[in-house]
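Written below as structure tokens is the structure these notes are about.
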Amino acid sequence: RMILSAPPNERLRLVFLGDSITVGDGDTAAMGWPARLCARTAPRPRLTQCYNLGIGGDRVSDVAARAVDELAVRLEGRTGCGIVLMIGINDAILAASSADHVLLSEAEVKAHLHAILGAAKPHGPVLVIQPAPLTPSYAHWGGGTGADVMAHVARSNAWTLEIAETEGVPCLPLTDALSADPGFTAALGAGDELHPTDEGYDIIAAHIARSPFWSALLEAIEKTIDD
């Protein structure tokens, strides 16, 4: 029997904030890792709605600027909601290159992360995920190698973890896990070295799906629903 709709209390609403990795640039199935991740949660007692709010090129400041309005219009007054954030690779790329004339300081990055989490937490449980890595041979047009970028990612990951802990939000340490995954490395190489192929997005989803952070998020969301 096809289910065309369900009462609000039978739905899980998952919002994913991020950049081109979140939106799934290069994914021929047009799913990205969020939709692949949501598909891996099925079958569940409730329908799952996936809101992919990734925008290519977004930095932490860009997500902070739009988080309040984008989350409110989708989640205000609803239960069964969860928010997932993956951000940071674009800031790292620009910090490693000569193309960025507006480098964000540690204090600015942390302030933007505080703003994002402050906008998200009133709507439901939140999970922060470290960004997916790129290849060491990646070369940005403004300069800087993939190794340079990953050095900046390591620095920003430490800031993100600090802010997540301050805000009482879990942070999934994904960067190193994907860097050590030969399948993901191959998918990056077969892509453009920043965005993986379809297989790479599926690997991201698989890593998150089998993490206790993901199952804990789903359980926390379920507790917000009044049956």
Side-chain angles (χ1 to χ4, degrees), residues 8 11-23 32-34 37-38 48-95 100 102-132 152-175 208 211-226:
R11 298 178 183 144
L12 297 182
R13 293 178 173 86
L14 292 163
V15 174
F16 297 85
L17 291 164
D19 49 37
S20 60
I21 307 300
T22 295
V23 82
W33 63 263
L37 176 60
C38 286
T48 302
Q49 294 180 331
C50 174
Y51 295 95
N52 190 326
L53 304 188
I55 296 179
D58 259 16
R59 303 172 65 178
V60 63
S61 54
D62 298 312
V63 175
R66 62 186 173 90
V68 170
D69 290 340
E70 292 210 333
L71 293 175
V73 74
R74 292 167 175 84
L75 305 180
E76 191 70 40
R78 300 181 185 276
T79 62
C81 304
I83 301 93
V84 181
L85 171 69
M86 181 192 287
I87 195 70
I89 197 67
N90 288 315
D91 284 292
I93 289 172
L94 294 174
D100 187 14
V102 189
L103 287 173
L104 296 177
S105 67
E106 176 180 353
E108 288 172 319
V109 170
K110 289 180 176 180
H112 289 309
L113 288 170
H114 269 302
I116 295 168
L117 297 181
K121 287 167 60 178
H123 296 290
V126 181
L127 173 63
V128 175
I129 301 178
Q130 290 182 352
H152 286 283
V153 168
R155 179 189 62 174
S156 63
N157 279 350
W159 300 344
T160 301
L161 179 60
E162 178 184 334
I163 298 307
E165 289 178 344
T166 299
E167 292 282 350
V169 171
C171 181
L172 195 163
L174 186 67
T175 307
I208 298 172
S211 164
F213 289 87
W214 179 246
S215 56
L217 177 71
L218 296 178
E219 290 173 6
I221 294 170
E222 289 277 0
K223 292 178 181 178
T224 71
I225 300 175
D226 182 7

Item to complete: Indicate the atoms forming the closest heavy-atom contact of Phe213 with Pro173, along with that distance.
Response: CE1-CD, 3.9 Å

Discussion item. Just to verify, what does Pro125 make a side chain to side chain contact (heavy atoms under 4.5 Å, CB included) with, not counting sequence neighbours?
Written reply: Leu217, Ala220, Ile221, Thr224

Worksheet item: Taking all non-hydrogen atoms of both residues, which atom of Trp214 and which atom of Ile208 are closest, and how far apart?
Response: CB-O, 3.1 Å

Discussion item. Under a 3.5 Å cutoff, is there a donor and acceptor pairing between the side chains of Ser156 and Asp91?
Written reply: no

Worksheet entry | Contact check, side chains of Arg66 and Asp58, non-hydrogen atoms, under 4.5 Å | yes

Worksheet, complete the sentence: Heavy-atom nearest pair, Ala64 first then Ile116, reads CA-CG1, 3.5 Å

Fill in: Test side-chain hydrogen bond (donor to acceptor under 3.5 Å, both in side chains) applied to Asp19 - qualifying residues, sequence neighbours left out
none

Practice prompt. Return the set of residues passing side-chain hydrogen bond (donor to acceptor under 3.5 Å, both in side chains) with Ser20 (not counting sequence neighbours), or none when no residue passes.
Written response: His195

Discussion item. So does Arg59 get a backbone contact from the side chain of Asp62, meaning a donor-acceptor N/O pair under 3.5 Å?
Written reply: yes

Discussion item. With rounding to the nearest 0.5 angstrom, report the CD1 to CZ distance, Ile83 to Arg13.
Written reply: 12.0 Å

Worksheet item: If you round to the nearest 0.5 Å, how far is CD1 of Ile89 from CD1 of Ile21?
Response: 7.0 Å

Item to complete: Drop me the distance from Leu218's CG to Leu127's CG, to the nearest 0.5 angstrom.
Response: 9.5 Å

Worksheet item: Do Leu12 and Glu222 come within less than 4.5 Å of each other through their side chains, counting heavy atoms only?
Response: yes

Worksheet item: Any side-chain heavy atom of Ile87 within less than 4.5 Å of one from His112?
Response: no

Worksheet item: Listed by chain and number, what are the side-chain hydrogen bond (donor to acceptor under 3.5 Å, both in side chains) partners of Glu167, not counting sequence neighbours?
Response: His114, Lys121

Fill in: Residues which pass side-chain hydrogen bond (donor to acceptor under 3.5 Å, both in side chains) with His152, listed by chain and number, not counting sequence neighbours
Arg155

Worksheet entry | Any side-chain heavy-atom pair of Leu71 and Leu17 under 4.5 Å | yes

Worksheet entry | Side chain to side chain, Asn157 and Pro131, heavy atoms closer than 4.5 Å | yes

Discussion item. Please report the interatomic distance CD(Gln130) to CG(Leu172), rounded to the nearest 0.5 Å.
Written reply: 7.5 Å

Practice prompt. Report yes if the side chains of Asn52 and Thr22 come closer than 4.5 Å at any heavy-atom pair, otherwise no.
Written response: yes

Response to the item:
So salt bridge (Lys or Arg N to Asp or Glu O under 4.0 Å) across residues 107-117, not counting sequence neighbours, yields Glu106-Lys110, Lys110-Glu162

Worksheet item: In Å and rounded to the nearest 0.5 Å, what is the CG to CG distance from Leu94 to Leu104?
Response: 9.5 Å

Fill in: Test item: Pro34 and Val84 side chains (from C-beta on) under 4.5 Å apart, heavy atoms
no

Item to complete: Look up atom CD1 in Ile129 and atom OG in Ser211, then write down how far apart they are to the nearest 0.5 Å.
Response: 8.0 Å

